[in-house]
Amino acid sequence: MPGVEKQSALAQRLDRLFEEIRPEGSAGRRYTHDEVAVALHDIEPGVRVSGAYLSALRNGTKRNPSLDLLTVLAQFFGVSVSYFLDPGPDEQVEDELDLARVGHHPQVRNLALRALELSPEGLAIVTQIVEHVLTTNRAQGVAELDAEVPDRRSE
């Protein structure tokens with residue numbers, strides 16, 4: 001049955017967003033269903049959804065969300081609505097998730113926005129620095145650097 005496969009893909013993709021997009025970065029806590037439901041209502045008050053319904057969508061027991069709900073979910077998680085609707089190639093899905101991760105990690109988002117102001121030479125230097133730090137972390141066996149960096153603006 002083709003419709004069941006699509007719904008299964010929808011549940012898998014929604015589950016993946018909950019697993020991978022986190023409010024404090026990749027090693028931080030996960031969003032709760034209720035927390036997302038409240039945020040969706042804040043984004044679009046006309047969309048009514050509960051944490052229980054999001055849980056049912058995520059595990060595949062509910063299968064027909066409205067386009068309005070999918071649109072606001074996409075907006076919240078920082079992906080395009082086609083992430084849910086288009087059975088595009090895995091590479092496209094990975095690109096969407098990478099961008100969403102940037103959007104939900106305040107320090108990474110700030111770095112990315114500041115990088116937009118750099119000259120091509122400056123960007124090349126910053127890229128070299130990041131590559132050096134990543135290489136050093138890998139050599140030391142550090143999987144991820146998720147330590148909170150103090151906000152220097154408050155000093």
Side-chain angles (χ1 to χ4, degrees), residues 5-118 120 122-124 126-127 129-131 133-134 137-138 142-154:
E5 288 176 19
K6 263 192 179 177
Q7 295 305 328
S8 175
L10 172 69
Q12 289 173 358
R13 288 188 177 186
L14 181 58
D15 181 60
R16 192 156 179 205
L17 289 174
F18 271 93
E19 290 297 322
E20 295 190 23
I21 307 303
R22 299 176 182 207
E24 288 111 22
S26 61
R29 69 174 183 82
R30 292 176 180 91
Y31 285 108
T32 66
H33 296 118
D34 288 336
E35 186 176 28
V36 173
V38 168
L40 298 180
H41 183 267
D42 290 345
I43 292 168
E44 182 54 57
V47 172
R48 296 180 52 121
V49 64
S50 67
Y53 185 73
L54 289 175
S55 177
L57 279 177
R58 187 175 171 194
N59 68 34
T61 57
K62 295 289 185 186
R63 300 175 179 225
N64 295 308
S66 70
L67 181 57
D68 289 342
L69 176 56
L70 291 178
T71 301
V72 76
L73 271 168
Q75 190 176 357
F76 172 78
F77 281 110
V79 297
S80 67
V81 74
S82 66
Y83 171 84
F84 294 115
L85 303 173
D86 183 11
D90 288 340
E91 185 177 300
Q92 181 181 347
V93 170
E94 293 304 319
D95 290 346
E96 290 257 7
L97 287 171
D98 286 344
L99 287 173
R101 282 186 207 101
V102 168
H104 279 261
H105 193 291
Q107 292 170 320
V108 174
R109 184 178 57 238
N110 186 39
L111 179 62
L113 290 171
R114 304 272 322 247
L116 290 172
E117 299 172 24
L118 295 174
L123 189 56
V126 170
T127 300
I129 293 168
V130 170
E131 289 299 325
V133 171
L134 291 172
N137 285 346
R138 286 187 203 110
V142 177
E144 289 185 15
L145 182 61
D146 281 316
E148 288 297 317
V149 178
D151 187 354
R152 301 283 181 213
R153 292 175 291 181
S154 62

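All heavy atoms count here, side chains included; hydrogens, waters and symmetry mates do not. For clarity, every value in this text was computed on a predicted model and none was experimentally measured.
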With a 4.5 Å heavy-atom cut-off, do [X] and [Y] have their side chains touching?
X     : Y     : value
Thr71 : Val47 : no
Arg30 : Glu19 : yes
Phe84 : Leu69 : no
Val72 : Val49 : no
His33 : Phe18 : yes
Leu10 : Pro65 : yes

Exercise for the section: Could you give me the CA-CA distance, side-chain angles and deciding distance for Val36 and Leu73, then say whether side chain to side chain contact (heavy atoms under 4.5 Å, CB included) is met? Expected result: CA-CA 8 Å; Val36 173; Leu73 271 168; 4.2 Å; yes
Problem - Distance-only donor-acceptor check, side chains Thr32 and Asp34, under 3.5 Å - result: no
Problem - Side-chain donor or acceptor of Asp15 paired with backbone N/O of Ala11 under 3.5 Å - result: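 Side chain of Asp15 to backbone of Ala11: no pair is present.
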Look up atom [atom1] in [X] and atom [atom2] in [Y], then write down how far apart they are to the nearest 0.5 Å.
X      : Y      : atom1 : atom2 : answer
Glu131 : Thr127 : CD    : OG1   : 7.5 Å
Leu123 : Glu117 : CG    : CD    : 12.0 Å
Ser82  : Leu70  : OG    : CG    : 11.5 Å

Exercise for the section: Given ring-ring contact (aromatic ring centres under 6.0 Å, His included), test Tyr31 with Phe76 step by step and report yes or no. Expected result: CA-CA 11 Å; Tyr31 285 108; Phe76 172 78; 5.0 Å; yes
Handout entry: Derivation of the side chain to side chain contact (heavy atoms under 4.5 Å, CB included) call for Arg16 and Tyr83
Key = CA-CA 11 Å; Arg16 192 156 179 205; Tyr83 171 84; 3.9 Å; yes
Minimum-distance pair of heavy atoms, taken over all atoms of [X] and [Y]:
X     : Y     : value
Asp42 : Pro45 : O-CD, 4.3 Å
Pro23 : Arg29 : CD-O, 3.3 Å
Ala37 : Gly51 : CB-N, 3.7 Å

Problem - Stepwise side chain to side chain contact (heavy atoms under 4.5 Å, CB included) test for Ile21 and Val79 - result: CA-CA 10 Å; Ile21 307 303; Val79 297; over 6 Å; no
